[in-house]
Student: 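I'd like to ask some things about the structure below.
Atoms within each ligand, like the ligands themselves, are counted from 1 in listed order.
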Amino acid sequence: MKKTRIIQLCFLLFAVAFAGCKGKSGSEQAGGAFTPGELWPDNNGVHINAHGGGILHDGDTYYWFGEHKTEGTAGNNALVGVHCYSSKDLYNWKDEGVALSVVTDDSTHSIAKGCILERPKVIYNKKNNNYVMWFHLEPKGAGYSGALSGIAVSDKVAGPYKFLRAVRPNAGSWPTNVQDIHKQRVPESDRSKFTGGSLPAHPDSLNLLGRDMEGGQMARDMNLFVDDDSKAYHIYSSEENSTLHISLLTDDYTNYSGTYARFFPGRFMEAPAMFKRDGKYYLIMSGCTGWAPNAGRSAVAPSIWGPWEELENPFVGEDSDLSFHSQSTYVLPAPGKPGQFIYMGDRWTPENAIDGRYIWLPIRFEGDQPIIEWQDKWSY
Ligand code: GAL
């Protein structure tokens with residue numbers, strides 16, 4: 001074989017091998033950079049299916065749990081369950097399969113196929129050496145009227161998780177910052193007055209807290225937060241989404257302790273994501289406009305129990321009033337960078353749920369104010 005022919009052949013082999021590598025990674029995302037809003041292929045080249053998700057850092061591995069969505073509008077309901085992916089570097093994700101499956105053989109089950117199962121989050125419980133998953137649950141066929149929290153546990157991080165129960169928070173308990181107005185008896189005429197959406201009047205006057213005191217408060221958009229002292233909290237939109245509640249969980253993280261407080265009454269905070277920086281607590285949140293994006297919100301507090309001070313929209317620049325077409329789902333401490341954080345948001349596509357995209361961006365600070373700027377491509 002002539003020398004030039006050998007060089008040509010080597011070049012061809014190199015080109016084929018290179019193309020093979022690219023084919024495997026599938027996009028810019030796999031490798032070493034985040035590409036917000038693009039398709040994010042997993043190790044099989046399939047767009048990651050973990051919407052409304054959160055991350056658990058366990059040992060040297062990151063686990064991403066999120067809603068497994070399917071095609072079309074039907075895909076907004078839970079037809080599969082909670083999907084899990086693992087990664088060592090946050091860029092390359094391995095499909096770990098379905099961590100919690102919906103129940104397919106009993107349509108009356110709390111997590112029957114077709115229920116609404118949103119914003120799942122998993123935390124590790126040191127005491128029991130197990131993993132505890134919480135999610136917003138709406139039983140099948142009742143729209144968003146249930147406002148329940150679902151809880152599941154597993155001894156193995158990627159599952160399978162066993163469903164424990166569906167509950168309304170803190171039945172029979174008043175929040176630590178309850179006011180007399182909440183304890184007044186709700187007139188029957190008020191009970192039907194409020195069906196959701198924004199209110200011109202302060203919702204405290206409708207006494208939604210009192211209405212739900214006996215049966216348990218409502219819980220929709222949610223997150224979990226584990227503090228440095230291992231105490232864990234459930235943070236959720238309550239009182240018809242009008243008011244955010246923060247509840248201390250029991251030591252095993254599988255139930256409410258009965259200690260809780262309410263914040264931002266009448267502000268309709270959704271999509272809460274809590275993190276701690278230099279001893280202060282922060283929240284990134286959204287307004288309440290369903291799948292449609294709105295301007296982000298942020299807040300800071302010296303203690304988890306407040307006082308919470310609302311700050312500005314953390315998003316800055318073009319489309320900041322739409323949070324860059326995203327809604328918060330989690331804030332992740334940046335690996336190996338104390339004091340730095342990654343915003344994780346969803347760009348929902350309710351007309352074809354499975355196509356939802358992930359908007360992950362770095363968070364920087366100006367004083368206490370978190371700032372999120374758009375980047376097409378970035379690395380930490
Ligand atoms: C959003 C919420 C999502 C989902 C959606 C349904 O406001 O953040 O998790 O519940 O409404 O319309």
Student: With no hydrogens and no angle check, is any side-chain donor or acceptor of Arg297 less than 3.5 Å from a backbone partner on Arg267?
Tutor: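 Between the backbone of Arg267 and the side chain of Arg297 there is a qualifying donor-acceptor contact (under 3.5 Å).
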Student: With rounding to the nearest 0.5 Å, note down the distance linking CG in Leu137 to CD in Glu118.
Tutor: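 It is 10.0 Å, given to the nearest 0.5 Å.
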Student: Between Arg277 and Phe365, is NZ or CZ placed under 6.0 angstrom from the six-membered ring centre and within 45° of the ring axis?
Tutor: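 Relative to the ring axis of Phe365, which defines the angle, Arg277 lies inside both limits.
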Student: Quick one, list the residues around ligand 1 where some non-hydrogen atom comes in under 4.0 Å, by chain and residue number.
Tutor: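 The 4.0 Å shell around ligand 1 contains Glu118, Arg119, Tyr144, Asp221, Glu270, Gly290, Trp291, Gln327.
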Student: Of all residues at least two apart in sequence or in a different chain, which pass the side-chain contact (heavy atoms from CB on, under 4.5 Å) check with Asn294?
Tutor: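 By the side-chain contact (heavy atoms from CB on, under 4.5 Å) rule, Asn294 matches Ser286, Thr289.
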Student: Could you check Trp374, Tyr358, Trp378, Phe315 and say which one makes a ring pair (Phe, Tyr, Trp, His ring centres under 6.0 Å) with Tyr343?
Tutor: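 In the set Trp374, Tyr358, Trp378, Phe315, the residue that makes a ring pair (Phe, Tyr, Trp, His ring centres under 6.0 Å) with Tyr343 is Phe315.
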Student: For the residue pair Phe264 and Trp308, does the interplanar ring angle fall in the parallel (under 30°), tilted (30 to 60°) or perpendicular (over 60°) class?
Tutor: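 Rings of Phe264 and Trp308: tilted, as their planes differ by 30° to 60°.
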